[in-house]
> 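One structure follows; several queries about it will come next.
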Amino acid sequence: MPDRAPQPVDRQLPTDEARDLISLVRDIVQREVAPRAAEEEDAGRFPRELFTLLSESGLLGLPYDSEYGGGDQPYEVYLQVLEELAAARLTVGLGVSVHTLASYALAAYGAKEQQAEHLPAMLGGGLLGAYCLSEPASGSDAASLRTKAVRDGDDWVIDGTKAWITHGGIADFYTVMARTGEEGPRGVTAFLVPGDAEGLSAAVPERKMGMKGSPTAQVHLDGVRVPDTRRIGEEGQGFAIALSALDGGRLGIAACAIGLAQAALDEALGYAAERRQFGKPIADFQGLRFMLADMATQIEAGRALYLAAARLRDAGRPFAKQAAMAKLHCTDAAMRVTTDAVQILGGYGYTADFPAERYMREAKVLQIVEGTNQIQRMVIARHLAGPETR
C-alpha cells in the first residue's frame with residue numbers, strides 16, 4: 001500500500017522560539033523516533049539512548065526554570081511538544097510526560113539548595129525520572145497508601161511497595177510519596193530517592209496489551225535510607241504535592257492522547273485515499289467520509305481543550321477542573337478515534353502490518369493512568385456541585 005505522508009499540524013505558537021522548538025522536535029521525530037517505533041514496540045525495547053538525546057536537546061525540562069537547566073517554556077508550548085512526540089511513538093511522549101511529572105515536586109516545592117543540587121542533572125543532565133504514588137492496594141484511593149518513612153536521626157528509612165510505575169527499574173530518580181504520620185492525606189510526605197539507593201529494587205515489568213516498549217513495574221523499597229535533605233516540602237505536605245503534580249500531569253496525558261489520535265487519523269486518511277473498492281477510493285464513500293470528519297473534529301476539540309487549560313496554568317489561574325476535563329475528553333477521544341481507524345482499515349487494521357491496531361491498544365491505557373476517567377468525572381463534578389454529602 002503506497003504511503004501518504006501526513007500533513008503537519010498547523011499550530012498556533014506564541015513565539016518564534018516556540019516555532020523553532022517544534023521544528024527541532026519534528027526533525028528528531030523523523031530521524032530518530034518514527035523509523036524505529038513499530039519494531040522497538042514489538043520487541044518491547046525502551047529507547048534509553050533516545051531519552052539521552054532528548055535531554056541533550058533540552059526537551060526533558062521544557063516547563064521548568066532555565067536557572068536549573070529547564071527550558072523556560074509555557075505549558076502551552078511544552079504540551080504541543082508532547083503531542084508531536086506521542087504521535088510518533090507513545091512510549092516517548094508519555095515517557096517525557098512522566099519525567100516532567102517526577103521533576104515537579106522538587107521544582108515547585110523544593111528548597112533553593114535542593115533545587116540547585118539536583119535539578120540541573122534531572123532537567124538536562126541525562127537523568128530519567130519516575131513518579132511513585134500508586135500502590136498494589138491504593139490506586140484511585142491514593143490517600144490510603146501504606147509505604148512508610150520513619151525518621152532515624154538525620155535520615156528517613158522507607159519501606160513499602162509502589163505499583164504501576166512507569167520507568168520502574170530503569171529510572172535514575174524516584175519521587176516517592178510515603179506515610180510519615182497519621183492516616184489519610186495529611187500524613188504523607190514526598191521524598192527524592194536515587195535510583196541506585198540500597199534496598200531499592202524493581203519487579204519484573206508488567207506484561208501489557210500496549211506500550212510494550214515502556215517498562216511498568218512494581219518498585220520495592222526495603223529499608224531504603226535517604227537523608228532529610230531529600231525530603232521535599234514539609235512533613236505531611238506530600239499528598240498536596242502529589243495532587244498538584246497530577247493536575248499538570250493530566251494535561252500531559254491529554255496531549256499525548258491527541259498525538260496518538262492524530263497519528264491514527266493520518267493512518268486512516270492515507271489508507272482511505274489509496275484503497276480502492278467498486279472502482280474508486282474508499283475515501284469517496286459518504287459513510288467513511290463522515291467517520292473521518294468525526295475523528296478530526298474530536299481531535300481538534302481535544303487539542304483546543306488541553307491548550308485552554310494550559311493557558312490558564314501559564315497565567316497562574318486555577319486549572320484543575322479544566323485539566324480533568326481535558327484528560328477525560330482527550331483520552332476518550334483517542335479510544336474512539338483509534339478504534340475507528342482500525343475499522344476504516346478493515347482486515348488490514350486488525351493486523352500488525354499496519355500501526356492502527358497498536359494505536360488502539362495504546363489508547364486504552366490513557367483512560368486509566370494518572371487518574372481513571374471515572375475519577376476525572378468525580379473531580380469535575382466536585383468543582384461543579386461541591387463535595388459529596390457524607
Side-chain angles (χ1 to χ4, degrees), residues 98 101-102 104-106 108-109 129-152 156-169 171 174-193 197 199-203 206 208 216-224 226 230-250 252-253 320-321 323-324 327-328 331 365-383 385-390:
V98 167
L101 176 69
Y104 173 84
L106 185 62
Y109 291 87
Y131 179 81
C132 298
L133 176 62
S134 294
E135 297 182 1
S138 67
S140 295
D141 183 16
S144 67
L145 64 87
R146 309 308 303 168
T147 295
K148 292 188 67 174
V150 177
R151 189 72 179 255
D152 182 19
W156 293 87
V157 180
I158 307 176
D159 289 280
T161 296
K162 294 297 182 178
W164 310 111
I165 306 305
T166 301
H167 304 155
Y174 296 82
T175 296
V176 176
M177 305 301 164
R179 185 162 305 285
T180 57
E182 63 187 83
E183 295 295 314
R186 295 181 181 177
V188 177
T189 301
F191 297 91
L192 182 66
V193 179
L200 187 149
S201 63
E206 306 289 351
K208 300 175 296 185
T216 304
Q218 289 191 356
V219 173
H220 305 300
L221 301 106
D222 184 10
V224 172
V226 295
R230 282 183 170 266
R231 171 178 49 83
I232 302 173
E234 301 297 328
E235 291 184 41
Q237 194 180 13
F239 196 70
I241 293 173
L243 294 186
S244 181
L246 286 174
D247 285 338
R250 285 165 180 164
I253 299 301
K321 178 182 71 174
K327 199 272 183 184
L328 169 63
T331 59
V365 76
L366 299 177
Q367 296 178 301
I368 298 170
V369 296
E370 296 193 27
T372 67
N373 282 7
Q374 287 68 36
I375 291 293
Q376 305 314 312
R377 289 177 170 89
M378 290 174 61
V379 170
I380 296 163
R382 285 171 184 164
H383 280 278
E388 299 90 334
T389 302
R390 296 292 182 183

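We number each residue from 1, following the sequence as shown.
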> If you take all heavy atoms of C132 and I165, which pair is closest and at what distance?
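What the structure gives for the nearest pair is CA-CD1, 3.7 Å.
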
> Using atom types as modelled and distance alone, determine if a side-chain donor or acceptor of T331 lies under 3.5 Å from a backbone N or O of K327.
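The answer is yes, because a donor-acceptor pair under 3.5 Å joins these two groups.
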
> Nearest 0.5 Å please: distance from the OG1 atom of T175 over to the OH atom of Y109.
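Atom-to-atom, T175:OG1 and Y109:OH are 13.0 Å apart.
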
> Any chance you could measure I158, atom CD1, to R179, atom CZ, to the nearest 0.5 Å?
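If we round to the nearest 0.5 Å, I158:CD1 and R179:CZ are 13.5 Å apart.
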
> Do other residues, nucleotides or ligands put more than 12 heavy atoms under 6.0 Å from the CD atom of E206?
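Count over threshold, so yes.
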
> Between D159 and G223, what is the shortest heavy-atom contact and its length?
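So the two residues come closest at OD1-N, 2.7 Å.
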
> CG of L145 to OG of S134: how many Å apart, nearest 0.5 Å?
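So the gap between those two atoms works out to 9.5 Å.
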
> Kindly write out the residues that satisfy side chain to side chain donor-acceptor pair (under 3.5 Å) with Y131, not counting sequence neighbours, or none if the list is empty.
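Y131 satisfies side chain to side chain donor-acceptor pair (under 3.5 Å) with no residue once adjacent residues are dropped.
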
> Going by ring-ring contact (aromatic ring centres under 6.0 Å, His included), name the residues that satisfy it together with F191, two or more places apart in sequence or in a different chain.
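Expected list: W156.
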
> Under 3.5 Å, side chain of R377 to main-chain N/O of N373, donor-acceptor pair present?
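Yes, R377 side chain to N373 backbone: donor-acceptor pair under 3.5 Å.
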
> With side chain to side chain contact (heavy atoms under 4.5 Å, CB included) as the criterion, how do R230 and I232 come out once you've worked through the C-alpha distance, each side chain's angles and the decisive distance to 0.1 Å?
CA-CA 6 Å; R230 282 183 170 266; I232 302 173; over 6 Å; no

> Do you know the tightest heavy-atom contact between H383 and A320?
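Closest heavy-atom pair between H383 and A320: NE2-CB, 3.8 Å.
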
> For the atom pair CZ (F239) and CG (L133), what is the distance rounded to the nearest 0.5 Å?
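It comes to 6.5 Å.
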
> Can you tell me if T189 uses its side chain to pair, donor with acceptor, with the backbone of G236 under 3.5 Å?
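Checking the backbone N and O of G236 against the side chain of T189, a donor-acceptor pair under 3.5 Å is found.
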
> Can you see whether H220 engages S201 through a side-chain donor-acceptor pair at a distance of less than 3.5 angstrom?
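No, no side-chain donor-acceptor pair sits under 3.5 Å.
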
> Minimum heavy-atom separation for A217 to G168, with atom names?
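What the structure gives for the nearest pair is CB-O, 3.9 Å.
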
> Given the rule in the side chain to side chain contact (heavy atoms under 4.5 Å, CB included) test, do V224 and V157 qualify, once you have shown the distances and angles that lead to the verdict?
CA-CA 5 Å; V224 172; V157 180; over 6 Å; no

> Using a 3.5 Å distance criterion without hydrogens, assess whether the side chain of K321 forms a donor-acceptor pair with backbone atoms of R382.
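Such a contact is absent between K321 side chain and R382 backbone.
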
> If you take all heavy atoms of G169 and A202, which pair is closest and at what distance?
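Minimum heavy-atom separation between G169 and A202: CA-CB, 3.4 Å.
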
> What pairs of residues pass the salt bridge (charged side-chain N to carboxylate O under 4.0 Å, His left out) test when at least one of them lies in residues 134-151, not counting sequence neighbours?
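Non-adjacent pairs meeting salt bridge (charged side-chain N to carboxylate O under 4.0 Å, His left out): E135-K162, R146-E183, R151-D228, R151-E235.
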
> Hey, are the side chains of L200 and V193 touching, using non-hydrogen atoms and a 4.5 Å cut-off?
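L200 reaches V193 side chain to side chain.
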
> Between CD1 of I368 and CD1 of I375, what distance do you get to the nearest 0.5 Å?
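Reported to 0.5 Å precision, the distance equals 12.5 Å.
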
> Say you draw a straight line from CG of L101 to CG of D247; how long is it, rounded to the nearest 0.5 Å?
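Reported value, rounded in 0.5 Å steps: 10.5 Å.
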
> Within the distance-only criterion (no hydrogens, no angle test), does the side chain of R250 pair as donor or acceptor with the backbone N or O of I253 below 3.5 angstrom?
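Not a single qualifying donor-acceptor pair exists.
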
> Would T161 and L221 count as a side chain to side chain contact (heavy atoms under 4.5 Å, CB included) here? Give the steps.
CA-CA 6 Å; T161 296; L221 301 106; over 6 Å; no

> If you apply the rule side chain to side chain contact (heavy atoms under 4.5 Å, CB included), what do you find for T216 with K208, and how did you get there?
CA-CA 9 Å; T216 304; K208 300 175 296 185; 2.8 Å; yes

> Could you tell me whether a side-chain N or O of T147 sits under 3.5 Å from a main-chain N or O of G160, the two making a donor and an acceptor?
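No, T147 side chain to G160 backbone: no donor-acceptor pair under 3.5 Å.
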
> How far apart are the closest heavy atoms of Q376 and G371, and which atoms are they?
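Taking every non-hydrogen atom into account, NE2-O, 3.0 Å.
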
